[in-house]
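For ligands, and for the atoms within them, numbers begin at 1 and follow the listed sequence. In this chain, residues are counted from 1 in sequence order.
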Amino acid sequence: MINEKYRENGTDIDETARQRSFISLAGALTEQKSRALGRPLTYCLTTFGCQMNEKQSEAVAGIMDEIGYHRQENEEADVVIYNTCTVRENANLKVYGRLGHLHSLKDQNPDMKIILFGCMMQEAHVVEKIKKSYPFVNLVFGTHNIFKFAELFYEMLLSDMQIIDIWEGTDQIVEDLPTERNYTFKSGVNIMFGCNNFCSYCIVPYVRGRERSREPEAIVREVERLVSDGVSEVMLLGQNVNSYGKTLKEPMTFARLLKMLEPVEGLKRIRFMTSHPKDLSDELIETMAESRKICHHLHLPLQSGSSRILKEMNRRYDKEKYLSLVEKIRKAIPDISLTTDIIVGFPGETEEDFEETLDVVEKAGYDTAFTFLYSKRTGTPAAKMENQVPEEVAKERFNRLLALVQKKGRERSSRFTGTVQEVLVEEESKEKGIFTGRTQYNLLVHFPADESLLGKYVKVRLDECRGFYYLGTRV
Ligand code: SAH
Ligand code: SF4
Ligand code: F3S
């Protein structure tokens, strides 16, 4: 039971302490077993889907580490965990495909535990299928109760049954549980959960629930803690960051949150995604233009260039509004890098509609565009629309769009050739001695460097544009 006394605006302090006690209990069992086996216990965690999933996987990894498991890349581990995505059909198919392989691994090691969680598990038909066809899966939970992972894991260790715990929704936001980080110098920070937009093609509002914002003070505290831990770049995450704060007890805007983060000492770069065009305010544009820390990169999903299709998609902007927004942003921040998402083959899309999309790509000047074939998601309004576009037609359009996006992207990205840019050195590339850095515009640069520069900011001359990345030299 949740003690009401400790609940304030959905933040639950008591729950954090409860979960910590399960970490200790599971830790004791793990130590016992590890001693009996004479080796450390291992886990393998794979994340599908978006950066919000990545972030939540870090939380699960943090708890596994604390319990005493050692992480490994290989799936021949004591515990195998998938954080799933269901935004498009192929995300689901990947998980089912890999479960078959896991079954054979489990035949060799019956003690192995398999855990599935995340967006796909919020769909009733998926859970039915797992119960029926994949009884060897040990634990299934969803998106609303990830904070309960330690408790569920402990229960699983004590049980021979398949444990399934799916919540319909939650207003709870549990702070301050242990978490691991994929990088030491940059980190995602959730500022909100869920989505209220119900774009007609999209499953996210059904599997992530209603929009809930974290308290600004909790976000600032997390960022300060990350910075004192060595992080200098944060990516603020939400399905629609532009509507941040609307549901708080004391409502506030996303731009104000950005202003609260600006003074954090040691924080060098602020990024965010995703921005819904319908909620992008003048206040945000102004804040971005004035800030010394907010990167001049905006991910502004278009989805379609046809006003008629946008209406059917329930996006609540049209082609003209989108293009005038782009113009306004470019005027205020001339060096802005714009990226986008586009769906091809939404039900009822005609050749003329598709050409409107091509037209926006011609005009908007994207650095990169992520293009997707429309995927029918059961339960969404678009799935029931009768005029689904034949696959061959959609694929043909997709290829045309991709060719244009790549051509325009190359033209646009090459505008930096010969300039010197500050980059954050992120990792060694596949080639030894060549490191990858990221400009504030989210462009990647490969250049000779050494490990001592990882996580540092260096000046690099961008010598040669290779489409989506540059070759450069340190200056
Ligand atoms: N909240 C973000 C999008 C999150 S999903 C926004 O509103 O922009 C990421 C991208 O997946 C979307 O931008 C969309 O382009 C794509 N997508 C979502 N549902 C899809 C579907 N049913 N079929 C194909 N692509 C889809
Ligand atoms: Fe999906 Fe639309 Fe919400 Fe984005 S804003 S997550 S596309 S419903
Ligand atoms: Fe996928 Fe869920 Fe993200 S459906 S895209 S992992 S919110």
Side-chain angles (χ1 to χ4, degrees), residues 46-57 60 82-95 116-123 126 142-144 146 188 190-212 236-244 246 272-280 298-305 309-310 312-317 322 338-347 349 357 366 368-385 388-389 391 394-395 397-398 401 405:
T46 308
T47 308
F48 300 89
C50 64
Q51 302 204 34
M52 267 163 276
N53 256 18
E54 285 291 344
K55 178 74 186 176
Q56 283 169 323
S57 284
V60 165
Y82 288 165
N83 186 1
T84 61
C85 169
T86 187
V87 76
R88 286 171 291 274
E89 181 69 21
N90 52 8
N92 291 44
L93 296 178
K94 263 189 235 160
V95 168
L116 303 177
F117 77 103
C119 294
M120 212 175 135
M121 303 305 132
Q122 289 293 139
E123 294 179 280
V126 170
T143 57
H144 300 300
I146 296 176
N190 289 315
I191 62 166
M192 59 206 296
F193 302 94
C195 181
N196 284 352
N197 289 312
F198 291 95
C199 302
S200 64
Y201 51 82
C202 185
I203 193 88
V204 171
Y206 304 90
V207 297
R208 286 276 174 175
R210 293 295 60 74
E211 185 180 299
R212 303 171 304 285
L236 308 177
L237 300 170
Q239 290 301 350
N240 176 9
V241 292
N242 296 335
S243 71
Y244 169 79
K246 287 187 183 157
F272 53 84
M273 73 189 297
T274 296
S275 269
H276 195 305
K278 80 175 165 68
D279 296 312
L280 198 139
L298 195 61
H299 186 63
L300 195 64
L302 167 69
Q303 312 302 4
S304 169
I309 293 291
L310 285 169
E312 293 286 310
M313 286 178 160
N314 192 29
R315 290 290 287 180
R316 285 172 274 177
Y317 54 85
Y322 186 93
L338 275 186
T339 56
T340 201
D341 292 345
I342 300 171
I343 298 175
V344 177
F346 181 83
E349 184 189 73
T357 300
Y366 298 119
T368 313
F370 300 95
T371 50
F372 304 105
L373 269 175
Y374 167 72
S375 171
K376 188 170 166 176
R377 308 314 291 129
T378 310
T380 62
K384 293 194 210 83
M385 294 180 185
Q388 304 281 328
V389 175
E391 206 179 308
K395 277 197 176 144
R397 285 180 194 160
F398 181 88
L401 175 65
V405 156

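With a heavy-atom cut-off of 4.0 Å, Pro205 touches ligand 2 through its side chain alone. When non-hydrogen atoms are compared, ligand 1 lies under 4.0 Å from the backbone of Leu373 (N, CA, C, O) but not from its side chain. Only the side chain of Arg208 comes within contact range of ligand 3, with a heavy atom under 4.0 Å; no backbone atom does. When non-hydrogen atoms are compared, ligand 1 lies under 4.0 Å from neither the backbone nor the side chain of Lys376. Counting heavy atoms closer than 4.0 Å to ligand 2, residue Phe198 contributes backbone atoms (N, CA, C, O) but none from C-beta onward. Both the backbone and the side chain of Cys85 come within contact range of ligand 3, each with a heavy atom under 4.0 Å. Only side-chain heavy atoms of Val204 come within less than 4.0 Å of ligand 2; its backbone N, CA, C and O stay farther off. Residue-level proximity to ligand 1 for Arg208 is absent, since no heavy atom of it falls below 4.0 angstrom. Of the heavy atoms in Ile343, only side-chain atoms (C-beta onward) come closer than 4.0 Å to ligand 1. At a heavy-atom distance under 4.0 Å, atoms from both the backbone and the side chain of Ser375 approach ligand 1. At a 4.0 Å heavy-atom cut-off, ligand 1 touches Tyr201 through backbone and side chain alike. Under 4.0 angstrom from ligand 1, the non-hydrogen atoms of Gln239 come from both its backbone and its side chain. Contact annotation: for Gln239 versus ligand 3, heavy atoms closer than 4.0 Å belong to the side chain alone.
Using a 4.5 Å cut-off on side-chain heavy atoms (C-beta onward), Arg315 and Pro301 make contact. Side chains of Val241 and Ser275 form a contact here, defined as non-hydrogen atoms less than 4.5 Å apart. Looking at heavy atoms from C-beta onward, Thr357 lies out of side-chain contact with Arg397 at the 4.5 angstrom threshold. With a 4.5 Å cut-off on side-chain heavy atoms, Phe272 and Leu298 count as touching. Between Asn242 and Lys278, the closest side-chain pair of non-hydrogen atoms is not below 4.5 Å. At least one side-chain heavy atom of Val95 sits less than 4.5 Å from a side-chain heavy atom of Phe48.
Using modelled atom types, one finds a donor on one side chain and an acceptor on the other under 3.5 Å when comparing Asn92 with Thr86.
Among the backbone and side-chain atoms of Cys199, an N/O/S atom is found under 2.8 Å from atom 2 (Fe) of ligand 2. Using a cut-off of 2.8 Å, one finds that Cys195 contributes an N/O/S atom close to atom 3 (Fe) of ligand 2.
A donor-acceptor distance shorter than 3.5 angstrom exists from the side chain of Ser200 to the backbone of Glu312, with no hydrogens or angles considered. Proximity of a side-chain donor or acceptor of Tyr317 to a complementary backbone N or O of Leu310 within less than 3.5 Å is not detected. Under a 3.5 Å cut-off, the side chain of Asp279 and the backbone N or O of Ser243 do not form any donor-acceptor pair. Of the possible donor and acceptor atoms, one in the side chain of Arg210 sits under 3.5 Å from a partner among the backbone N and O of Pro205.
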Walk me through it: do Phe372 and Phe398 pass the test ring-ring contact (aromatic ring centres under 6.0 Å, His included)?
CA-CA 8 Å; Phe372 304 105; Phe398 181 88; 8.4 Å; no
Begin with the C-alpha distance, continue with both residues' side-chain angles, and end with the deciding distance and a verdict on side-chain contact (heavy atoms from CB on, under 4.5 Å) for Cys50 and Met273. CA-CA 11 Å; Cys50 64; Met273 73 189 297; over 6 Å; no
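Ligand 3 lies out of reach of Met52, whose nearest heavy atom is not under 4.0 Å from it. Not a single heavy atom of Asn240 sits under 4.0 Å from any atom of ligand 1. Ligand 1 has no atom lying under 4.0 Å from any heavy atom of Glu89. Close to ligand 2: Arg315, with a non-hydrogen atom less than 4.0 angstrom away.
For the residues Asn242, Thr340, Asp341, the heavy atom positioned nearest atom 9 (C) of ligand 1 is part of Asp341.
Nearest protein neighbour of atom 7 (O) of ligand 1, counting heavy atoms only, is Arg315 NH1, 3.3 Å. Protein heavy atom in closest approach to atom 15 (O) of ligand 1: Gln303 OE1, 2.7 Å. Considering only non-hydrogen protein atoms, atom 5 (S) of ligand 2 sits nearest to Asn197 ND2, 3.4 Å. Ranking protein heavy atoms by distance to atom 2 (Fe) of ligand 3, first place goes to Cys119 SG, 2.2 Å. Looking from atom 6 (C) of ligand 1 to the surrounding protein, the closest heavy atom is Thr274 CG2, 3.8 Å. Summary of contacts: the protein heavy atom closest to atom 16 (C) of ligand 1 is Arg88 NH1, 3.2 Å. Protein heavy atom nearest atom 1 (Fe) of ligand 2, with residue, atom name and distance: Cys202 SG, 2.3 Å. Shortest contact from atom 6 (S) of ligand 2 to any protein heavy atom: Gln239 OE1, 3.5 Å.
At under 3.5 Å, not a single nitrogen or oxygen of Arg377, backbone or side chain, sits near a nitrogen or oxygen of ligand 1.
Close contacts between ligand 2 and His276 involve ligand atoms 5 (S) [criterion: under 4.0 Å to a heavy atom]. Taking every heavy atom of Val87 and a limit of under 4.0 angstrom, the matching atoms of ligand 1 come to 5 (S), 18 (C), 19 (N), 20 (C), 21 (C), 22 (N).
In the displayed structure, Glu89 atom CD is contacted under 6.0 Å by more than 12 heavy atoms of other residues, nucleotides or ligands.
Between Lys246 and Glu211 there is no salt bridge, since none of the side-chain N atoms of the basic residue sits less than 4.0 Å from a carboxylate O of the acidic one.
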